[in-house]
Peer 1: 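To start, I am sharing the structure in question, which I have written as structure tokens.
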Amino acid sequence: MAQKPSIPKGTRDFLPSEVARRNYIIGIVQKHFEAYGYQPIETPSFENLDTLMGKYGEEGDRLIFKILNSGEFAEKVDDAIYQEKDSKSLYSQISEKALRYDLTVPFARFVVMHQNELQFPFKRYQIQPVWRADRPQKGRFREFYQCDADVVGSDSLLQEVELVQLYDAVFTDLKLEGVTIKLNNRKILAGIAEVIGAGDKLVDFTVALDKMDKIGEEGVRNEMWVKGIPQESIDKAQPLFALKGSNAEVLEQLSDFLSSSEAGSKGVEELRYITGTLEELGLDCCTLRIDVTLARGLNYYTGAILEVAAPEGVSMGSIGGGGRYDDLTGIFGLKDISGVGVSFGLDRIYLVMEELQLFPETLDRALDVLCINFGDKEALAATKLVRRLRSAGLKSEVYPSSAKIQKQFKYADNRNVPFVILIGEQELKDGNFVVKNMESGTQQSYPLQNPDDFINSL
RNA sequence: GUGGUUGUAGCUCAGCUGGUUAGAGCGCUGGAUUGUGGUUCCAGAGGUCGCCGGUUCGAACCCGGUCUUCCACCCCA
């Protein structure tokens, strides 16, 4: 009995037209990565489990796909641990590898391992799939692509400026207008927590603040209270809810609010430089907005935090994110290397572009020319012609059998082929081939010996 | 991980309080049209109603489980 085929939850097959569209996005992203001086690298699909564990927080650990050890792994499990039924202590006994969860941590590992072969500052880009054992939703898959650009070995804020420009360049090229790049700084968040006297609750504080968009001021205050942040501190945070105006004005208000915090002031100073410089340079299609409620991002970020929101009206989570991490390589034994990078969420950008119908129609064109097959002799002549068309860069083929002309034309139509070439008995005798323009329906003949006129007419 | 939601032809979906051979549109195949597609007309093929089990004389429909889809949490691209 044939079993009904299926693929695992949260994974997808891609049809030719989908691959064409994905490659269109990847091509543009890659082009700009290289224009900004980033070099490509690749890392394995799976890493040692302990390379990944503990780098993404407790929630992240849960979402890492663990790979079961090979062989008789069950025999090696400690009886006591087995009896405890505690998954966490079992991991180390039955799994020592895991699918990569993002591209940043493997990159940090890569930098440490290859530090003597790299020229610092090192700028790399990487476009590869990652896996998360998440529960799928719209725009959320268990296997998806990230397109990352990071630079390590430079603590210059010019890098942050360039990364925002990079975002802008890519989205402009994709014609994806109305994208908002949200900017914040971990130091500002730390400073706020410090100023209001909730320094020990930094994580709970920022997680609550991050929900501002969703649950509003009242909800945020409530969530903070539930998490055990003193009412007095929550009241002190009041000015944050009232931040208004341009980026410069928001920074002015923040600067006052954080004047007593060294870290906070530093964070304000950094954002002032970044936004000021970008103001001078200008952005083509993106809006840069300082957003103190932006707290997301993995917990290794230490400076700037970036998140990219899809154009208004499109319901989609962030389509990109990034930030600065001062000590990610430190975990692997290489101190004092600062890194900063951004990520493009290919799959979500795809969905947004699809919804806004931003893909060029020509992407569907997988074939430029189809030659009708009239029989062995005619097909041979067609094959000779096709060879010349191919070397001229035209995607061409001869229909493989002398099926009904009607059927062959229908095939051409379904494949969106713009030109159909006919070489039948008559054409062969005259030494011609007839080109039919499928859109206009007009036909024109050219000499078989010299197809250049046709090629040049395209 | 928690709560909900969805599944019927290749696709989009009908299918009444359970009742006999499960329907439509689009698509597909063939013909009208022996060297011309997209329009039109005619004909045809295609379904273990996600899967497993239960209730019932009888289940696409009711119940349980499971897988999948999507959604809200959680978290994130």
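Chain identifiers are assigned alphabetically (A, B, ...) following the order of the sequence lines, protein sequences preceding nucleic acid strands; residue numbering begins at 1 within each chain. Note that the coordinates shown come from a computational prediction; the quantities given were computed from them, not determined experimentally.
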Peer 1: When we call it a touch if two heavy atoms are under 4.0 Å apart, what does A:Val420 touch: a base, just sugar-phosphate, or nothing?
Peer 2: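 The answer is nothing, as A:Val420 stays clear of every strand by at least 4.0 Å.
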Peer 1: Using whole Å, what does the distance between atom C1' of nucleotide B:A77 and atom CD1 of A:Ile26 come to?
Peer 2: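 Spelled out: CD1 on A:Ile26 to C1' on B:A77 is 14 Å.
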Peer 1: Taking only Lys NZ, Arg NE, NH1 and NH2, and the carboxylate oxygens of Asp or Glu, determine whether A:Arg62 and A:Glu58 approach each other closer than 4.0 Å.
Peer 2: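 No, A:Arg62 and A:Glu58 are not salt-bridged.
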Peer 1: What's the gap between B:A45 and B:U2 when it is taken at their C1' atoms, as a whole Å value?
Peer 2: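 It comes out at 47 Å once rounded to the nearest Å.
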Peer 1: Can you check the distance between B:C61 and B:U17, where both ends of the measurement are the C1' atom (answer in whole Å)?
Peer 2: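 These two C1' atoms come out 11 Å apart once rounded.
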Peer 1: Side chain of A:Gln146, heavy atoms from C-beta onward: which of B:G35, B:C74, B:A77 has the nearest atom to it?
Peer 2: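 Of the candidates, B:A77 comes closest.
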Peer 1: Sequence neighbours excluded, which residues qualify as side chain to side chain donor-acceptor pair (under 3.5 Å) partners of A:Glu439?
Peer 2: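 None.
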Peer 1: Over 60° means perpendicular and under 30° means parallel, so classify the ring planes of A:Tyr301 and A:Tyr325, tilted if in between.
Peer 2: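 Plane angle between 30° and 60°, so tilted.
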Peer 1: Side chains of A:Phe359 and A:Ile25: does their closest heavy-atom pair fall under 4.5 Å?
Peer 2: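 Contact flag for A:Phe359/A:Ile25 side chains = yes.
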Peer 1: Could you label the plane-to-plane angle of the A:Tyr101 and A:Tyr56 rings as parallel, tilted or perpendicular, counting under 30° as parallel and over 60° as perpendicular?
Peer 2: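 Aromatic pair A:Tyr101/A:Tyr56 classed tilted.
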Peer 1: Might you list the N or O atoms of the protein lying below 3.5 Å from N or O atoms in nucleotides 38-43 of chain B, with each pair's distance?
Peer 2:
| residue | atom | partner | partner atom | Å |
| --- | --- | --- | --- | --- |
| B:G38 | O4' | A:Asp413 | OD2 | 3.2 |

Peer 1: Would you classify A:Ser343 as touching base, sugar-phosphate or nothing, given that sugar-phosphate means primed atoms plus P, OP1 and OP2, and contacts are heavy atoms under 4.0 Å?
Peer 2: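 If one applies the 4.0 Å heavy-atom cut-off, A:Ser343 turns out to touch nothing in the nucleic acid.
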Peer 1: Between atom CG in A:Leu209 and atom C1' in B:C75, what is the gap in whole Å?
Peer 2: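 The answer, rounded to whole Å, is 17 Å.
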Peer 1: Check every strand shown and say whether A:Gly424 touches a base, only sugar-phosphate, or nothing at a heavy-atom separation below 4.0 Å.
Peer 2: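 Contact class for A:Gly424: base.
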Peer 1: Measure from the side-chain N and O atoms of A:Arg100 to the backbone N and O of A:Pro44, and report whether any donor-acceptor pair falls under 3.5 Å.
Peer 2: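 Checked: pair present.
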Peer 1: For B:C62 and B:U69, measure between their C1' atoms and round to the nearest Å.
Peer 2: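 Straight-line distance between the two C1' atoms is 23 Å.
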Peer 1: Measure the distance between the ring centre of A:Phe344 and the centre of the six-membered base ring of B:A77, then answer whether it is under 5.5 Å with planes under 30°.
Peer 2: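 Stacking is absent between B:A77 and A:Phe344, given that the ring centres and planes do not meet under 5.5 Å and under 30°.
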Peer 1: Check this for me, if you would: do A:Arg12 and A:Asp347 make a salt bridge, where the nitrogen-to-carboxylate-oxygen distance has to be below 4.0 angstrom?
Peer 2: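 Yes, A:Arg12 and A:Asp347 are salt-bridged.
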Peer 1: Start with the C-alpha gap between A:Asp173 and A:Lys31, add the side-chain angles, then the distance that decides, and say whether salt bridge (Lys or Arg N to Asp or Glu O under 4.0 Å) holds.
Peer 2: CA-CA 10 Å; A:Asp173 206 352; A:Lys31 182 176 91 187; 2.9 Å; yes
Peer 1: Applying ring-ring contact (aromatic ring centres under 6.0 Å, His included), run through A:Phe33 and A:Tyr125 and close with a yes or a no.
Peer 2: CA-CA 7 Å; A:Phe33 280 175; A:Tyr125 77 85; 5.3 Å; yes
Peer 1: Could you measure between the two C1' atoms, the one in B:G7 and the one in B:C13, and give it in whole Å?
Peer 2: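 Here B:G7 and B:C13 have their C1' atoms 12 Å from each other.
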Peer 1: Taking atom C1' in both B:U48 and B:A72, what distance in whole Å separates the two?
Peer 2: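 The answer is 35 Å between these two C1' atoms.
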Peer 1: Distances under 3.5 Å only, N/O to N/O: pair up the protein atoms with those of nucleotides 3-8 of chain B.
Peer 2:
| residue | atom | partner | partner atom | Å |
| --- | --- | --- | --- | --- |
| B:G3 | O6 | A:Arg135 | NH1 | 3.1 |

Peer 1: Which part of the nucleic acid, if any, lies within contact of A:Gly60, taking any heavy atom under 4.0 Å across all strands shown: a base, the sugar-phosphate backbone alone, or nothing?
Peer 2: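 No contact at all - A:Gly60 keeps every heavy atom at 4.0 Å or more from the nucleic acid.
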Peer 1: By nearest heavy atom, map A:Asn414 and A:Val417 onto RNA chain B; which one lands nearer the 5' end?
Peer 2: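 In this pair, the answer is A:Asn414.
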Peer 1: Can you tabulate the close N/O pairs, meaning under 3.5 Å, that link protein atoms to atoms of nucleotides 64-69 of chain B?
Peer 2:
| residue | atom | partner | partner atom | Å |
| --- | --- | --- | --- | --- |
| B:U69 | OP1 | A:Gly10 | N | 3.3 |

Peer 1: What's the gap between B:U5 and B:C63 when it is taken at their P atoms, as a whole Å value?
Peer 2: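 Each nucleotide's P atom is 11 Å from the other's.
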Peer 1: How does RNA chain B look in dot-bracket notation if pairs are Watson-Crick or G-U with both distances under 3.5 Å, crossing ones as [ ], other-strand ones as |?
Peer 2: ((((..(..((((.....[...)))).(((((.......))))).....(((((..]....))))))..))))....
Peer 1: Decide yes or no, distance alone: a donor-acceptor N/O pair under 3.5 angstrom between the base of B:G35 and the side-chain of A:Glu427.
Peer 2: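 Yes, a donor-acceptor pair under 3.5 Å.
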Peer 1: Look at the rings of A:Phe110 and A:Phe122 and say which category their plane angle falls in: under 30° parallel, 30 to 60° tilted, over 60° perpendicular.
Peer 2: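 Because their plane-to-plane angle is under 30°, the rings of A:Phe110 and A:Phe122 count as parallel.
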Peer 1: Using whole Å, report how far CG of A:Asn437 lies from C1' of B:G37.
Peer 2: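 It works out to 12 Å between those atoms.
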Peer 1: Testing A:Phe171, A:Tyr145, A:Phe144 for ring pair (Phe, Tyr, Trp, His ring centres under 6.0 Å) with A:Phe344, which one passes?
Peer 2: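 Result for ring pair (Phe, Tyr, Trp, His ring centres under 6.0 Å) with A:Phe344: A:Phe171.
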Peer 1: Quick one: A:Tyr101 OH to B:C75 C1', roughly how many Å, whole number?
Peer 2: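 The answer, rounded to whole Å, is 7 Å.
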Peer 1: Let's test your reading of the model: under 3.5 Å, does the base of B:U36 pair with the side chain of A:Gln408 as donor and acceptor?
Peer 2: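 Answer no: no donor N or O sits under 3.5 Å from an acceptor.
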Peer 1: Let's see if you can work this out: which of B:U36, B:G31, B:C75 has an atom nearest to the side-chain heavy atoms of A:Arg140?
Peer 2: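 Closest nucleotide among those given: B:C75.
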Peer 1: What integer number of Å spans the P atoms of B:G65 and B:A77?
Peer 2: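 Roughly 35 Å separates the two P atoms.
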Peer 1: Quote, to the nearest angstrom, the C1' distance that separates B:C57 from B:U20.
Peer 2: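 Between the two C1' atoms, the distance is 13 Å.
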Peer 1: For A:Gln406 and B:U29, what is the distance between atoms CD and C1' respectively, to the nearest whole Å?
Peer 2: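 Going from CD in A:Gln406 over to C1' in B:U29 covers 12 Å.
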Peer 1: Could you check whether A:Glu143 pairs with A:Arg132 (Lys NZ or Arg NE/NH1/NH2 to Asp/Glu carboxylate O, under 4.0 Å)?
Peer 2: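 Salt bridge flag = no for A:Arg132 with A:Glu143.
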Peer 1: To the nearest Å, how far apart are A:Tyr411 OH and B:U36 P?
Peer 2: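 For the pair A:Tyr411 OH and B:U36 P, the rounded distance is 20 Å.
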Peer 1: Could you tell me how far apart A:Asn373 (CG) and B:G37 (C1') are, to the nearest whole angstrom?
Peer 2: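 In whole Å, B:G37 C1' and A:Asn373 CG are 17 Å from each other.
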Peer 1: Does A:Arg124 make a cation-pi contact with A:Phe107 (under 6.0 Å, within 45 degrees of the axis)?
Peer 2: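 Output yes; distance and angle both within limits.
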Peer 1: Between B:A77, B:U36, B:C73, which nucleotide has the shortest distance from any of its atoms to the side chain of A:Ser318?
Peer 2: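 Looking only at heavy atoms from C-beta outward on A:Ser318, the closest nucleotide is B:A77.
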Peer 1: If only side-chain N and O atoms of A:Lys211 are considered, is one of them under 4.0 Å from the OP1 or OP2 phosphate oxygen of B:C73?
Peer 2: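 Negative; the distance criterion is not met.
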Peer 1: Closest to the A:Gln426 side chain: B:G35, B:A77, B:G1?
Peer 2: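 In terms of side-chain proximity for A:Gln426, the closest of B:G35, B:A77, B:G1 is B:G35.
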Peer 1: Taking the minimum atom-to-atom distance to the side chain of A:Leu422, which one of B:A72, B:C75, B:U36 wins?
Peer 2: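 The closest nucleotide is B:U36.
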Peer 1: Salt-bridged, A:Asp150 to A:Lys123, with N to O below 4.0 Å?
Peer 2: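 Here A:Asp150 does not pair with A:Lys123 in a salt bridge, since their nearest N and O are not under 4.0 Å apart.
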Peer 1: Ignoring backbone atoms, test whether A:Lys404 places a side-chain nitrogen or oxygen under 4.0 Å from the OP1 or OP2 oxygen of B:U33.
Peer 2: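 The answer is no; no side-chain N or O of A:Lys404 sits under 4.0 Å from OP1 or OP2.
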Peer 1: For A:Glu47, is there an ion pair with A:Lys97 - N to carboxylate O distance below 4.0 angstrom?
Peer 2: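 Looking at A:Glu47 together with A:Lys97, the answer is no, because their closest N to O distance does not fall below 4.0 Å.
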Peer 1: Which residue is it: A:Lys201, A:Arg221, A:Glu223? I am looking for the one with a side-chain contact (heavy atoms from CB on, under 4.5 Å) to A:Ile229.
Peer 2: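 That would be A:Lys201; it is the only one of A:Lys201, A:Arg221, A:Glu223 passing the side-chain contact (heavy atoms from CB on, under 4.5 Å) with A:Ile229.
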Peer 1: Tell me every residue that passes side chain to side chain donor-acceptor pair (under 3.5 Å) with A:Ser338, counting only those two or more places apart in sequence or in another chain.
Peer 2: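 Partners of A:Ser338 under the side chain to side chain donor-acceptor pair (under 3.5 Å) test: A:Arg324, A:Asp326.
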Peer 1: Can you check the A:Leu367 CG to B:G37 P distance for me, whole Å?
Peer 2: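 Between P of B:G37 and CG of A:Leu367: 19 Å.
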